[in-house]
Amino acid sequence: NQLGIDMSVEGNVPEAFSIFDDSVAILDSVKQRVCVYENGALARTIDLTQAHDIIYGYSMARQGCSLFVHDAYSDTVFEFDYFSGEIKNSFPVPEELCENDSCNLFEIDGSIYVGARRSGRFMLKNLFEPDASAVIRAEETADNNYYYWSTPFTSGNNHLQRNENKFYYFINSDSFGNAYFEVCDLIPDMEDYIFADVYLLKCSSDGEIIGYAGFQNELEIKLPHRHTLVLEDGRVYEMMCTETEVVIYEVTFGSTYESRVDELREYYRIHIGID
């Protein structure tokens, strides 16, 4: 019953998780299932191979009694009954978001939305209304110097200023209008490798940075696709996967963040043998 961690395929790990009032669900991509935990114990599993013999679950979202799982192999979102585990329906990913491994699923006001980064934009489309216009939540400027973002509670004029080594990725917003971002601060002098100091930013509805949170991502064998979860009430959780365990942490934001770039550069030089 343990979660799948497959070291033979570049460290495949559970790709996403969700936390609800009654349970915790983990998308066990390696074993092609969803594991549902209640009161700290595994209560049941949902077999994703009902949808297809080979399926790679990349993200998920719940709406009432239904759980929606995005299959990266077929660009399809499958609907399962959250309690019985039976498959109920399937929906194609909107065409302009297809063939994008970063597709995320969100439950917003009773509908399921597909979100993905395309051409410097983070776009959302209603899964149930594929002909409706996309909603832009974040967008890079043409010169890549600024990253503009909006939420249902903001004016859309907020922005983060980028520099050469930092990349920002919109995660989600909460019901208070705060927006959350993953920041990848690339480590210089390691041209043949891609390593970064990865941390989280919390921005208020008026665009001010009001919180930072770091974690020891160098201990992970692979960063899960949706490793950060933002709940409507502002709680934030982080899932980390090592060679032996999957751990979910509740995130506490601080007022400052001290860069770990120099520390991580030395760590990777020693542990990975980079000259």
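Residue indices begin at 1 and follow the sequence shown.
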Sub-4.5 Å side-chain heavy-atom contact between Val198 and Glu182: yes
Looking only at the aromatic ring of each residue, does the gap between the centers of Phe170 and Phe122 stay below 6.0 angstrom? yes
Report yes if some heavy atom in the side chain of Val34 is under 4.5 Å from a heavy atom in the side chain of Tyr82; otherwise report no. no
Can you check whether Phe181 and Trp149 have ring centres sitting under 6.0 Å from each other? yes
Is there a side-chain contact between Leu160 and Cys203, using heavy atoms and a 4.5 Å cut-off? yes
Indicate yes or no for a side-chain donor-acceptor contact from Thr76 to the backbone of Ser74 under 3.5 Å, with no hydrogens or angles considered. yes
Summary of salt bridge (Lys or Arg N to Asp or Glu O under 4.0 Å) pairs that have at least one residue in residues 25-44, sequence neighbours excluded: Asp28-Arg33, Glu38-Arg44
Look only at the side chain of Thr228 and the backbone of Glu238, and say whether a donor-acceptor pair between them is shorter than 3.5 Å. no
Which class fits the ring pair Tyr212 and Tyr199: parallel under 30°, tilted 30 to 60°, perpendicular over 60°? tilted
Would you say the side chain of Pro14 lies within less than 4.5 Å of the side chain of Cys241, judging by non-hydrogen atoms? yes
Side chain to side chain donor-acceptor pair (under 3.5 Å), that's the test. Do His227 and Glu15 meet it? Break it down for me. CA-CA 7 Å; His227 52 91; Glu15 288 284 12; over 6 Å; no
May I ask you to decide if Val77's main-chain N or O and Asp71's side chain share a donor-acceptor pair within less than 3.5 Å? no
Regarding Asn104 and His225, do their side chains bring together a donor and an acceptor under 3.5 Å, going by distance alone? yes
Is there a side-chain contact between Leu229 and Ile19, using heavy atoms and a 4.5 Å cut-off? yes
For a quick test of reading the model, state the closest non-hydrogen atom pair linking Ser59 to Ala16 and the distance between them. CA-CB, 4.2 Å
Do Leu231 and Phe17 land in one hydrophobic cluster if side-chain heavy atoms of ILVMFWY residues count as linked below 4.5 Å? yes
Hey, can you tell me if Tyr146 and His159 have their rings parallel, tilted or perpendicular (30° and 60° cut-offs)? perpendicular
One pair to check against side chain to side chain contact (heavy atoms under 4.5 Å, CB included): Ile87 and Phe78. What are the steps and the verdict? CA-CA 7 Å; Ile87 189 167; Phe78 295 102; 4.1 Å; yes
When you measure from the centre of the six-membered ring of Phe106, is the NZ or CZ of Arg226 closer than 6.0 Å and no more than 45° off the axis? yes
Between Val30 and Ile54, is there shared hydrophobic-cluster membership here, with clusters defined by ILVMFWY side-chain heavy atoms closer than 4.5 Å? no
pair Arg235-Tyr237: side-chain heavy atoms closer than 4.5 Å: yes
Would Met239 end up clustered with Leu42 when hydrophobic side chains under 4.5 Å apart are linked, directly or stepwise? yes
Judged by atom type as modelled, is there a donor-acceptor pair below 3.5 Å linking the side chain of Asp197 to the main-chain atoms of Arg260? yes
Ignoring hydrogens and angles, tell me if any N or O in the side chain of Asp174 forms a donor-acceptor pair with the backbone of Asn178 under 3.5 Å. yes
Got a sec: does the CG of Asn39 have more than 12 other heavy atoms crowding it under 6.0 Å? no
Evaluate the ring planes of Phe167 and Tyr169, with Trp represented by its six-membered ring, and classify them as parallel (under 30°), tilted (30 to 60°) or perpendicular (over 60°). parallel
Less than 6.0 Å separating the ring centroids of Phe91 and Phe128? yes
Give the C-alpha distance, both sets of side-chain angles, the deciding distance and a yes or no for side chain to side chain contact (heavy atoms under 4.5 Å, CB included) between Val36 and Ile26. CA-CA 7 Å; Val36 179; Ile26 297 180; over 6 Å; no
Given Lys88 and Ser66, is the side chain to side chain contact (heavy atoms under 4.5 Å, CB included) satisfied, shown in steps? CA-CA 8 Å; Lys88 300 169 64 175; Ser66 293; 2.9 Å; yes
Going by atom types only, do Arg269 and Tyr267 share a side-chain donor-acceptor pair under 3.5 Å? no
Step through the shown structure and confirm whether more than 12 heavy atoms of other residues, nucleotides or ligands are within 6.0 Å of CD on Glu245. yes
Taking side chain as C-beta onward, heavy atoms only, is Met240 less than 4.5 Å from Val246? no
Answer yes or no on whether Arg62 is positioned over the face of Phe20, meaning its NZ or CZ is under 6.0 Å from the six-membered ring centre and within 45° of the axis. yes
Write down the atom of Val114, the atom of Val93, and the distance for their closest heavy-atom approach. CG1-CG1, 4.2 Å
Tyr147 and Gln161: side chain donor to acceptor below 3.5 Å: no
Are the side chain of Glu266 and the backbone N or O of Glu263 linked by a donor-acceptor pair below 3.5 Å? no
Is there a continuous path of hydrophobic side-chain contacts, each under 4.5 Å between heavy atoms, that joins Met123 to Leu105? yes
So, do Tyr56 and Asn12 sit near enough that their side-chain heavy atoms are less than 4.5 Å apart? yes
Within 45° of the ring axis of Phe195 and under 6.0 Å from its six-membered ring centre, is that where the NZ or CZ of Arg265 lies? no
Is it true that atom CG of Asn1 has more than 12 heavy atoms of other residues, nucleotides or ligands lying nearer than 6.0 Å? no
Whether the side chain of Lys202 engages the backbone of Ile209 through a donor-acceptor N/O pair (distance < 3.5 Å, no angle test) should be reported. no
Checking side chain to side chain contact (heavy atoms under 4.5 Å, CB included) for the pair Val69/Leu48: CA distance, chi angles, key distance, verdict? CA-CA 9 Å; Val69 178; Leu48 300 182; 4.1 Å; yes
So, does Gln32 use its side chain to make a donor-acceptor pair with the main chain of Ile55 at under 3.5 Å? yes
Any donor-acceptor pair under 3.5 Å linking the side chain of Ser23 with the backbone of Tyr37? no
